[in-house]
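Step one of this worksheet: look at the structure below.
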Amino acid sequence: MYGKFQNHLQDELKAIKEAGLYKNERNIASAQSAEITLQDGSKALNFCANNYLGLADNPRLIEAAKKTMDQRGYGMSSVRFICGTQDLHKQLEKAVSDYFHTEDTILYAACFDANGGVFEPLFTAEDAIISDSLNHASIIDGVRLCKAQRFRYANADMADLEEKLKEAQSCRFRIIVTDGVFSMDGNVAPMDKICDLAEKYDAMVMVDESHSAGVVGPTGHGVAEQFNCYGRIDIFTGTLGKAFGGAVGGFTTGRREIIEMLRQRSRPYLFSNSLPPMIVGAGIELFRMLGESDELHARLMDNVVYFREKMMAAGFDIKPTQSAICAVMLYDAPLSQKFAAKMAEEGIFVTGFYYPVVPKGQARIRVQLSAAHRREHLDKAIAAFIKVGKELGVIR
Ligand SMILES: *Cc1c(COP(=O)(O)O)cnc(C)c1O
């Protein structure tokens with residue numbers, strides 16, 4: 001049998017390559033950081049990781065992980081409800097709840113699992129899930145696993161959301177679901193308006209804070225802080241794999257009974273292994289650190305403002321945002337790939353995106369800023385952008 005299947009896969013893979021959509025991985029031979037070393041020994045400045053607070057190689061987190069591993073072992077070899085819960089898991093859940101001002105939290109192996117396991121236990125065919133069209137793949141998959149009726153509204157479009165809420169009025173329960181920050185434009189979901197509409201049309205609200213937690217809001221606590229929506233959002237999901245240390249792990253946090261039901265019925269929680277102690281120990285230390293000072297968040301925002309201002313002054317077309325994602329618009333797919341390749345030659349890693357990842361004619365370079373970037377890193381990246389931008393006729 002495999003011979004035929006092999007031919008089929010080879011054809012498909014060839015088609016992916018010919019469409020220019022084949023993903024090649026870069027092999028990094030150092031820790032994840034603002035400056036990375038590649039396998040061939042060359043160095044590059046990294047502007048394409050989700051390392052927003054620069055914690056991926058933070059000494060305090062590394063120390064906490066090592067210490068926890070020494071004291072509590074390497075792994076749990078169990079799911080949470082059989083014999084995989086340490087006091088540490090409960091402490092981390094409490095720390096997440098405190099951070100988001102919520103009642104309870106449930107940990108997952110990843111936010112992909114948190115989103116995959118949040119809808120099916122809570123909603124049935126009588127209910128409605130009203131989802132932003134640009135929501136993350138894991139939300140889309142989670143919704144697919146649930147029998148609730150599906151409604152999709154155009155990205156952050158409140159008029160369209162209102163239409164869909166009207167259409168869903170006959171359903172038993174309604175929930176609006178949105179990313180906090182959308183990863184391609186870096187735009188922030190208008191949570192205050194979403195919560196207003198939710199109240200007007202008797203719906204609940206869920207937000208995925210993966211790109212917004214640690215980043216958005218006066219002290220980086222996410223969209224609820226940004227829009228002063230505490231108490232108006234029923235469910236938050238998020239990851240420990242981006243701003244929050246960058247290792248692995250996800251969570252759902254929110255109303256007490258919702259979390260209690262997820263512990264009973266959420267399949268990625270019930271049928272998948274517990275987070276290892278070192279990750280949990282480092283996670284507890286992470287929230288302790290964030291509670292002591294918001295210096296990293298302030299540095300990140302300084303970097304965002306500095307970078308955006310210099311890039312706009314140089315003549316680049318930048319999407320407006322309050323997040324740490326900066327979309328440099330080029331509008332042309334081959335140009336975006338050429339631009340990213342030339343930036344790599346200058347030792348600057350950025351990502352070129354084009355259709356189908358972004359809409360047709362909306363090709364761009366995505367730059368992700370970090371608290372780990374120092375002023376000279378930013379200046380070097382901006383200088384490379386200007387050089388390549390002039391070479392390719394993007395700016396004059
Ligand atoms: C990255 C991301 C996820 C997945 O998080 P993991 O913990 O890496 O699985 C989920 N949702 C959104 C919006 C994300 O950006």
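Whatever order the structure lists them in is the order used to number ligands and atoms, beginning at 1. Residues: numbered from 1 along the sequence shown.
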Subject >> Arg174 to Tyr201 six-membered ring, cation-pi geometry met (6.0 Å, 45°) >> reply: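 Pair Arg174/Tyr201 does not count as cation-pi.
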Between ligand 1 and the protein, which N/O pairs are shorter than 3.5 Å?
residue, atom, partner, partner atom, Å
ligand 1, 7 (O), Cys111, N, 2.8
ligand 1, 7 (O), Thr239, OG1, 2.6
ligand 1, 9 (O), Cys111, N, 3.3
ligand 1, 9 (O), Phe112, N, 2.9
ligand 1, 11 (N), His136, ND1, 3.4
ligand 1, 11 (N), Asp208, OD2, 2.6
ligand 1, 11 (N), Ser210, OG, 3.4
ligand 1, 15 (O), His211, NE2, 3.0
ligand 1, 15 (O), Lys242, NZ, 2.5

What is the ring orientation for [X] with [Y], classed by angle as parallel under 30°, tilted 30 to 60°, or perpendicular over 60°?
X: Phe385; Y: Phe316; answer: perpendicular
X: His101; Y: Tyr230; answer: perpendicular
X: Phe47; Y: His373; answer: parallel

Side-chain cluster (under 4.5 Å, hydrophobic types only) that Tyr331 belongs to, other residues
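Hydrophobic cluster check, Tyr331: joined to Met329.
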Open item on the list: Between Asp70 (side chain only) and Lys67 (backbone N and O only), is there a donor and an acceptor less than 3.5 Å apart?
Closed with: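 No; zero donor-acceptor contacts below 3.5 Å.
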